[in-house]
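One structure is given here, and the rest of the page talks about it.
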There are 2 protein chains.
Amino acid sequence: MVSIRDVASRANVSIGTVSKYLNTPHRVAPDTKKRIGKAIKDLGYMRNEAARQLRAGESKTLAFVALELNNPFFGDVADAMERRAAQNGLFLFIVSSNGSPEREGQYIEMFAQQRVYGVILASGMTRQRELDLLFTRRIPTVLVDAYGKTDRFSSTSVDDFLGAERAVTHLIEQGCRSIAFIGGEVQIHQIAERLRGARAAVDAHSGVRLTIIPTVERSVRAGLAAGEHLLSKGRQDLPDGIFAANDSLAIGIMQAISAGSDIRIPEDIAVVGYDDIDFAASAAVPLSTVRRPREVFGRSAVDLVRDQAESAEPLPVRSIVIQPELIVRQSSRRT
Amino acid sequence: MVSIRDVASRANVSIGTVSKYLNTPHRVAPDTKKRIGKAIKDLGYMRNEAARQLRAGESKTLAFVALELNNPFFGDVADAMERRAAQNGLFLFIVSSNGSPEREGQYIEMFAQQRVYGVILASGMTRQRELDLLFTRRIPTVLVDAYGKTDRFSSTSVDDFLGAERAVTHLIEQGCRSIAFIGGEVQIHQIAERLRGARAAVDAHSGVRLTIIPTVERSVRAGLAAGEHLLSKGRQDLPDGIFAANDSLAIGIMQAISAGSDIRIPEDIAVVGYDDIDFAASAAVPLSTVRRPREVFGRSAVDLVRDQAESAEPLPVRSIVIQPELIVRQSSRRT
DNA sequence: CATCAACTGTGATACGTTTCACCGCATGCA
DNA sequence: TGCATGCGGTGAAACGTATCACAGTTGATG
């Protein structure tokens, strides 16, 4: 493997000069510059990033830990972050925790070991252990959608409690009295918030019941399975309103219902999802949902990290909270 | 920042012993082990990955370059890769080229500088420059969906030519005579293949026309725009069959058609997409499509990289070609 | 009792950079 | 001429780890 040393000797200069060429080229004489450039090309030299990092101690790599990538919502957010990162001269590494806190922990540890530029956490299930790690190491960290979870990190989030409350209140206004919350994995912070909001809405109206149906994943497939499970019950046990933890789930459930029964949406069961992914509007029955702005989300998370990283002294914690918007479509419109 | 040196002195051992503790703990006496462990905990020591890499020269990080993450297909593939990587004790870093070959080039260069374990390329638009780079540096590299593009790298791919040919032949059998191919960004290898397949099918039948409609992105939104553009033409200029470059596009187009006209799908226009993402089956009109197995895809790409990386001598190039499957649903079923 | 192997721990070296104090030299100015 | 200034280049010292030959100790074996 060819190193800076080889380049130096081939160009008849010292190692220091080659390094200068690499980092502050304007401080190298034109003639020398040419020689070094040629040597690099001839040898096919490529800087060893590990060595650079070790010595310089800084990195331009921003890490984004997503909960799962099969949800298009995260894909869109990731793409938005990538654009913003590029504008700031940063690189964005995305990892998927695939729903496992242990795995996420491994990744965070690796990022800490790499001394990355910063970390954006959107898994909603980061363990205290890793949060402590990031905090004590002073690694610029931003939490996505963990509103109120911590006073140590900056965050961007949508007020999921409010969003869920609005969604369920809407269902109740449409006449629903038995509401099922699907996707109740309370490990995940966002989901827990949505459940809390749903319950608040239900509690505010007498005569309304809330049932919780957990799922393993939050994919279309999981929604299908949940829907089929639901249908296997007696007709009288069915809810008349469904609030799903995200759109993928909702779409899966609606598909199961329309394929496996003559139950009508929204007349017999009204459905509301969460996120407003692009596929929500084009579902068999266009899906009512709670919109979370993806572009803003991604952009502001990157900005928050950058501000922290570029600032000399520690910045005060900042929390950006975005209001969610209820989008009513056919799947819940009864009037 | 606390280093291995601090740990050593606090535990009253040499640096070498601490390193041994970190890498081959079974060669350290239980008593010493305890002392070192305590010192590490007390000091909050964390290994510096850059230094480790510099010295050891090896990494456990696999890089996946995706074309775009807003397409759920890539998200699913990425999740599948992540699972396989975890099984092999590897880390998976995902990056999105966001449709820009320059940006992709930057990432590849950075991966080469980092001496990553391996690289999986799925952008379909990797430049020759970067391919050469990876090849000469002997970085284990696998191409996804670049069947026949190179004889230097192993690859997993779906035969997109065949898939497209089948899709369009199916449209013709359903009576379509004027077919539009939507998403014609020929820069991207996969898309170019699909276009080639579509043309082959059209050429094999007399009296059938093929129109190409390019789009900037390949998202639902882009499909909506393309659909609206289509509708703005006179009714007699409309195609009677649409083959979209992917499902997101197809779903967007169908949505535009059903919202902005009384044109019926499939009676007036039959539509076929590509990928069979989970949302295809649950679209307003369930979407016919060409299925690409996502799980197998992700898994085998990781395996190919691993085989190369673990092998002492260079392995012969291997190409895994998967047959695509045409899934006929309502959007193209006229009989 | 001598020998040998297994087991622990040591210290020096190397990995490929960046950085920084320093030096020689030419230039401009009084 | 004397002196400050700035430019272009040098060489050595880190950065934090892994590795490896080697040494000391112990227990078993013949």
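Everything numeric here is computed off the predicted structure, so don't read it as measured data. Order of the sequence lines sets the chain letters (A, B, ...), proteins ahead of strands, with each chain counted from 1.
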Quiz item: Reading nucleotides 9-16 of chain D 5' to 3', which nucleotides get B (base under 4.0 Å from a protein heavy atom), which S (sugar-phosphate only), which -?
Solution: BBB-BBBB
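- Straight-line distance from the CD1 atom of I40(A) to the P atom of dG16(C): 16 Å, rounded to whole Å.
- The CG-C1' distance, from L22(B) to dT17(D), rounds to 9 Å in whole Å.
- A distance-only check finds no donor-acceptor pair linking the side chain of S19(B) to the backbone of T17(B) [under 3.5 Å].
- A search for side-chain contact (heavy atoms from CB on, under 4.5 Å) contacts involving N88(B) returns R84(B), L90(B), V302(B), D303(B), R306(B), not counting sequence neighbours.
- In this structure, K34(B) places its NZ atom 17 Å from C1' of dT8(C), rounding to the nearest Å.
- Across V28(B) and K33(B), no two heavy atoms sit closer than the pair O-CE, 3.5 Å.
- Under 4.0 angstrom from either OP1 or OP2 of dT18(C) there lies at least one side-chain N or O belonging to S19(A).
- Rounded to whole Å, atom P of dT17(C) lies 14 Å from atom OH of Y21(A).
- One N or O on the side chain of D6(A) and one on the backbone of S3(A) form a donor-acceptor pair closer than 3.5 Å.
- Taking the six-membered ring for Trp and the full ring otherwise, the centers of F64(A) and F93(A) sit at least 6.0 Å from each other.
- Proximity of F153(A) to L131(A): side-chain heavy atoms (C-beta onward) are separated by under 4.5 Å at one or more points.
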